[in-house]
Structure formats: structure tokens, C-alpha cells
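Whatever order the structure lists them in is the order used to number ligands and atoms, beginning at 1.
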Amino acid sequence: MRQILVSGLALCLAACAASPTATPPIALKPAATMPEAKPGGVWTHGGMIAAANPLAVEAGLEILRAGGSAVDAAIAVQTALGLVEPQSSGIGGGSFMLHYDAETGDVVAYDGREVAPAAATDRLFLDDAGNPLPFWTAVKSGRSQGVPGAVAMLHMAWEEHGKLPWSRSFQPAIKLASDGFMISPRLNGVATQLKRITEPGPDVMSYLMDSTGTPLPAGTLLKNAAYADTLTQIANQGPKAFYEGPIAADIVARSGQAPMPGTLSLEDLKAYKPNKLEPICRAYRARKVCGMGPPSSGGIGVMATLGILENFDMGATGPNDPLGWHRFIEAQRLAYVDRDTYVADDRYVAVPIAGLLDATYLKSRAALISDSATMKSVEPGEPPGAVKRGRDATGNVFGTTHFVIVDQRGNVVSMTTTVESLFGSQRMVRGFFLNNQLTDFSFRNVDANGEPIANAPAGGKKPRSSMAPTIVFDKDGHFELAVGSPGGNAIIAYVAKAMVGMLDWNMSPQDAVALPNIVARSSPVALDRTRASPELIKGLEALGQTFRDGGGAEGSGLHVVRLTPQGLVGGADPRREGVARKP
Ligand code: GLU
């Protein structure tokens with residue numbers, strides 16, 4: 001295991017030390033006030049699932065009712081989402097799962113991120129002249145597919161936490177694919193949206209458009225026998241059916257087709273291994289927050305934002321007070337610039353996790369924030385243990401989905417899962433879409449000053465993610481809530497917003513996820529104007545904030561389950577079509 005984090009400070013172990021760019025480990029400091037996650041004890045609160053599509057929620061609930069664990073239900077939810085929400089995630093993509101075991105109190109992070117083919121180089125997305133390929137050219141090319149990790153990761157988690165037979169949890173999605181499901185308004189909407197952004201790949205056209213190229217309307221019954229067959233093989237034979245044999249051969253063949261064939265090989269698929277990692281955990285005021293470390297920047301980004309905000313009395317400002325939002329915007333800007341600079345696959349580059357989350361360092365970053373004016377410019381800081389790097393400008397498009405499952409024993413899954421862009425690479429194999437996850441790498445390998453970019457592509461490397469599945473424990477160490485969102489690099493802003501809403505502003509999960517999204521990757525800041533009051537916008541403008549529409553402000557899909565004195569309460573982002581339901 002390559003990182004251990006105790007009370008917000010990381011110990012850089014074996015792989016990190018072996019890296020040519022590794023920095024010496026940072027000494028551990030004693031735990032501050034962070035409670036340790038505790039076993040759940042006698043659980044009397046039942047279960048709940050919050051996910052982006054009601055059919056997928058129902059698939060998971062069927063498994064919970066049959067006595068399945070949160071992980072069993074996650075298999076059902078994922079395989080159903082791959083059918084009813086194929087624009088976002090599926091077995092052709094990758095995932096991160098945070099799991100809390102109510103019996104032992106253990107929190108672990110499963111890493112099912114895609115890896116680049118062994119033959120990939122740092123010129124993966126450069127043309128012959130050394131210029132970055134246009135984004136959509138890269139997405140739809142054969143070069144964008146990493147080895148899909150979702151199936152292997154789910155299997156690893158199931159081996160440790162499954163209660164039902166592996167094959168049982170595939171049955172709801174197999175039935176749904178065979179009998180057919182109604183195309184939802186959102187699926188129709190994204191197919192329409194894709195046509196406006198780029199010429200959809202031929203597989204999207206044949207699967208989701210009619211003979212005139214018009215997206216099939218919402219309410220159309222769609223069957224997917226090929227997907228049912230693929231799932232049946234994986235259900236009966238295990239992950240081997242996916243990573244070796246005819247399914248693997250078809251994945252390799254599709255990726256090897258024009259335009260711009262990739263180098264994905266049968267050996268790459270066979271060699272794929274998911275990881276089980278320590279999550280990164282840090283205190284936020286009295287609570288303990290656990291999230292996903294590298295290759296995701298999500299946990300670091302969320303915790304750095306919160307760690308900066310910890311230096312302000314956020315509770316004294318509420319959701320209508322521009323000052324609280326101003327601080328939130330400024331904290332994001334500081335956290336994002338560090339994330340852009342220092343975070344990548346830590347098996348390849350040393351990531352100063354401890355430094356980035358160090359309370360003293362974040363206090364020094366918070367001191368840059370003025371309560372009366374926005375910062376003129378934002379530069380990366382120098383967190384303890386950091387090596388100077390170039391800042392990259394990785395692109396951002398919205399696929400991805402997040403779901404939360406609490407089972408009837410109190411075990412928790414918080415899982416973000418993705419094919420990257422809408423319908424991934426838009427290349428379909430046996431009823432599922434292949435990811436374009438490798439476009440999460442920086443297309444350039446050095447920045448304008450010639451500094452090497454941490455997140456440049458390399459064979460076997462994982463592209464940096466922003467996915468931020470999160471679990472929060474209360475001041476006594478008991479499970480309190482799980483949250484996460486899709487949204488590309490804006491995920492960090494969305495998840496941090498929901499947490500500030502719930503933890504600092506005492507809002508319900510539903511009200512917190514519905515708060516306006518304000519994404520401060522840079523200036524002007526992206527704002528979801530339809531949900532922000534004119535008074536709030538005016539107040540922020542008076543502090544010097546400038547806004548633009550779009551830029552990801554509407555791309556969230558936050559899903560939450562929180563344990564309250566009234567029992568489990570869910571939140572489903574009104575920007576998507578999800579629900580939170582009990583078995
Ligand atoms: N591929 C992105 C990531 O791993 C997620 C994309 C999205 O949320 O739409 O961070």
C-alpha cells in the first residue's frame with residue numbers, strides 16, 4: 001500500500017520511495033482532534049440507496065431486500081446504470097469505491113481506475129508536429145481507452161464484503177436489458193446535447209438515434225440483448241470472462257479501429273489489477289472526513305478546500321450570506337491551483353499529500369484570503385515536501401455518476417464511477433461503451449516554461465481523476481454521511497459545497513445538494529445563476545467576484561445519504577433524475 005494517512009499527514013512508503021522523483025517521507029505528527037471511525041454497533045436504521053436513476057436504485061434495493069450487502073447492491077446499481085445511464089458509467093469504464101465496514105469500523109478505498117496501455121507514451125495526445133490533438137478527436141480516437149477497471153474492482157470488493165453469490169447481483173440488470181427499459185428524458189437530452197457539441201460516433205448513432213439521426217425520444221423502449229449476454233458471461237464466469245477471451249478480444253479490436261487506432265492489447269487487459277488503498281482522511285472541525293487519494297485529486301481537492309475554510313467561522317455565515325460564499329470561492333481557487341500542479345498518479349510521481357493537507361500550510365493559504373476583496377491572482381503554493389512542477393490545464397466534460405448505498409447492517413458504499421465523457425469514447429462493444437478515460441491525462445507533457453507536467457501520459461499510468469467519493473464520521477467516530485458527485489474537475493467544488501451546506505450551514509441533504517453550484521477553477525467563476533438569488537450575486541460582485549454562465553456550474557449529480565436523529569435521509573441532485581429510496 002503506497003500511502004498511509006494519519007490525521008491528515010501522509011507517510012510516503014515503498015512505491016513512493018522507489019519513484020525517481022520521490023521526496024523524503026514527512027514525519028507523522030500525533031493525531032489532533034480527529035475521531036477514529038468506529039464499528040456501527042447495533043444498527044437499527046435500515047438501508048438506503050441514492051443514485052442517478054430510479055431503475056438503478058430499484059436494482060440495488062432488490063439486492064438489499066434479498067439480504068445483500070452494500071457491495072452486492074453496488075454491483076446491481078452499477079450494472080443497471082451502465083444500461084439506463086450509459087452516458088455516465090459502465091463496465092467499460094473505471095471507478096473508485098470507498099467502503100465502511102460497520103462490523104469492524106474499517107474504511108478502505110478500492111481503486112478501479114483505468115490504466116494506460118503499456119505501449120502508451122507521453123506523446124499519446126500530441127500530433128506529429130507535437131501539438132495537442134483537438135479534444136473530441138482524442139476522445140473518439142482509439143487512443144483514449146484505458147483498461148476498464150470497474151468489473152475487477154467490484155469483484156475485489158465483493159470478495160471481501162459480498163454476502164450473496166456474485167452472479168445474483170447481475171440479475172436485475174440482465175432482466176432490464178433483456179426486457180427493455182424506457183429511455184429517460186435525461187438520456188434523450190444528452191444524446192441531443194452530444195449532437196450539438198460534436199458529431200456522435202457511429203455506435204451512439206446506431207444505438208440511440210433513429211434512421212434520420214434523431215435521438216430516440218424519451219419513453220422509447222430500448223432493449224440491449226448484447227449487454228444482457230455480456231453480463232451473463234461475467235455473472236457466470238467472473239471477471240475473467242471480461243479481461244480474457246472473446247469479450248476482451250472485442251474490446252481490443254474496437255480500440256484498434258480507425259480513427260487513430262490505439263495500442264490497447266490483450267496483455268494489457270489480462271494484466272489489469274484493481275488496488276485496495278488506505279483512504280485519505282482528515283479532520284474537518286470536529287468530524288473525520290475520508291476520501292479517495294491519488295490517482296484521484298478529488299479527496300485532496302475537497303479536503304484542501306475544507307482545510308482552508310476551517311480557518312473561518314463558516315457557521316456564522318449561512319447559505320444566503322455572500323461572505324461565506326466569497327470565502328468558499330477563494331478557498332477553491334487556492335485548492336484547485338495546487339491540485340492542478342501537484343496531483344497525479346503517485347506510483348509515477350511523488351505527490352505531497354501530507355503537505356497539501358497540512359493544517360499549518362492550509363492556514364498560510366487561508367491567510368491569503370481577504371474578506372473585502374477577491375485575490376488578484378492565485379499561484380500554486382509550496383506545500384511541505386513538494387517538488388516544483390508545471391501546472392496543467394486538463395479538459396473537462398461531463399460523464400460520470402455517483403451513488404451511495406447503506407445496507408441494513410450499516411455498511412456503506414460511496415462510489416463514483418465513469419466512462420469519462422458522454423458515452424465515453426462513443427465506441428461500443430457487446431452492448432457497453434468503452435471509456436475515453438485517458439483524455440484525463442494532460443495532453444501536453446511540459447508546460448509553457450518547459451516544466452514537466454505531473455499528469456502527463458505514460459504506459460501503465462493512471463490518468464488523474466477528480467472523483468471524490470466521501471464518507472464522513474461524526475465527533476464520536478460514527479458514520480454520519482456519504483456523498484459524491486460527477487462533474488469532471490468541478491466535482492471538487494460540488495462535493496465541498498454539499499459538505500459546507502450540511503456540516504456548516506446545517507442544511508438537509510436535499511437542500512444542500514440543491515444549493516447553487518459555484519465553481520472557482522479560475523476567474524471568472526462559473527455560477528449556476530438560476531439557483532442563486534440576485535442579492536447573493538450582487539453581494540459577491542461587490543467583493544470583486546466576476547461570473548460566467550456554464551463552465552460546469554450545472555454539471556453536478558450529487559447523491560447523499562446521511563444518518564440523522566430521524567434515521568437515514570437522502571439527497572438526490574435536482575439537476576439529474578436520481579432518487580434516494582429505502583428497501
Ligand atoms: N473522468 C473524470 C474524472 O475521473 C470524471 C468526469 C466527470 O465527472 O464527468 O475525474
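- Counting atoms of ligand 1 from 1 in the listed order, those under 4.0 Å from a heavy atom of Ser466 are 3 (C), 4 (O), 10 (O).
- Ranked by closest heavy atom to atom 6 (C) of ligand 1, the top entry among Ile492, Asp440, Thr400 is Thr400.
- Residue Lys462 forms a salt bridge (Lys or Arg N to Asp or Glu O under 4.0 Å) with just one option from Asp346, Asp345, Asp111, and that option is Asp111.
- Which parts of ligand 1 touch Pro486 is read off a 4.0 Å heavy-atom cut-off, strictly below it: atoms 8 (O).
- Residue contacts with ligand 1, taken as heavy atom pairs separated by less than 4.0 Å, do not involve His402 at all.
- Heavy-atom proximity to Gln437, at under 4.0 Å, picks out these atoms of ligand 1: 1 (N), 2 (C), 4 (O).
- Between Trp325 and Phe328, the two ring planes are perpendicular [angle over 60°; tilted spans 30° to 60°].
- Under the side chain to side chain contact (heavy atoms under 4.5 Å, CB included) criterion, Thr198 pairs with Trp136, Lys140, Leu194, Gln426, sequence neighbours left out.
- By the criterion of a heavy-atom distance under 4.0 Å, the side chain of Ile491, and not its backbone, is placed next to ligand 1.
- Between the side chains of Arg254 and Gln257, at least one donor N or O sits under 3.5 Å from an acceptor N or O.
- Residues Asp338 and Thr341 bring no donor and acceptor atom of their side chains to less than 3.5 Å of each other.
- Judged by the shortest distance from any of its heavy atoms, Arg113 lies inside the 4.0 Å radius around the atoms of ligand 1.
- When ring centroids are compared, Phe242 and Phe432 come within the 6.0 Å threshold.
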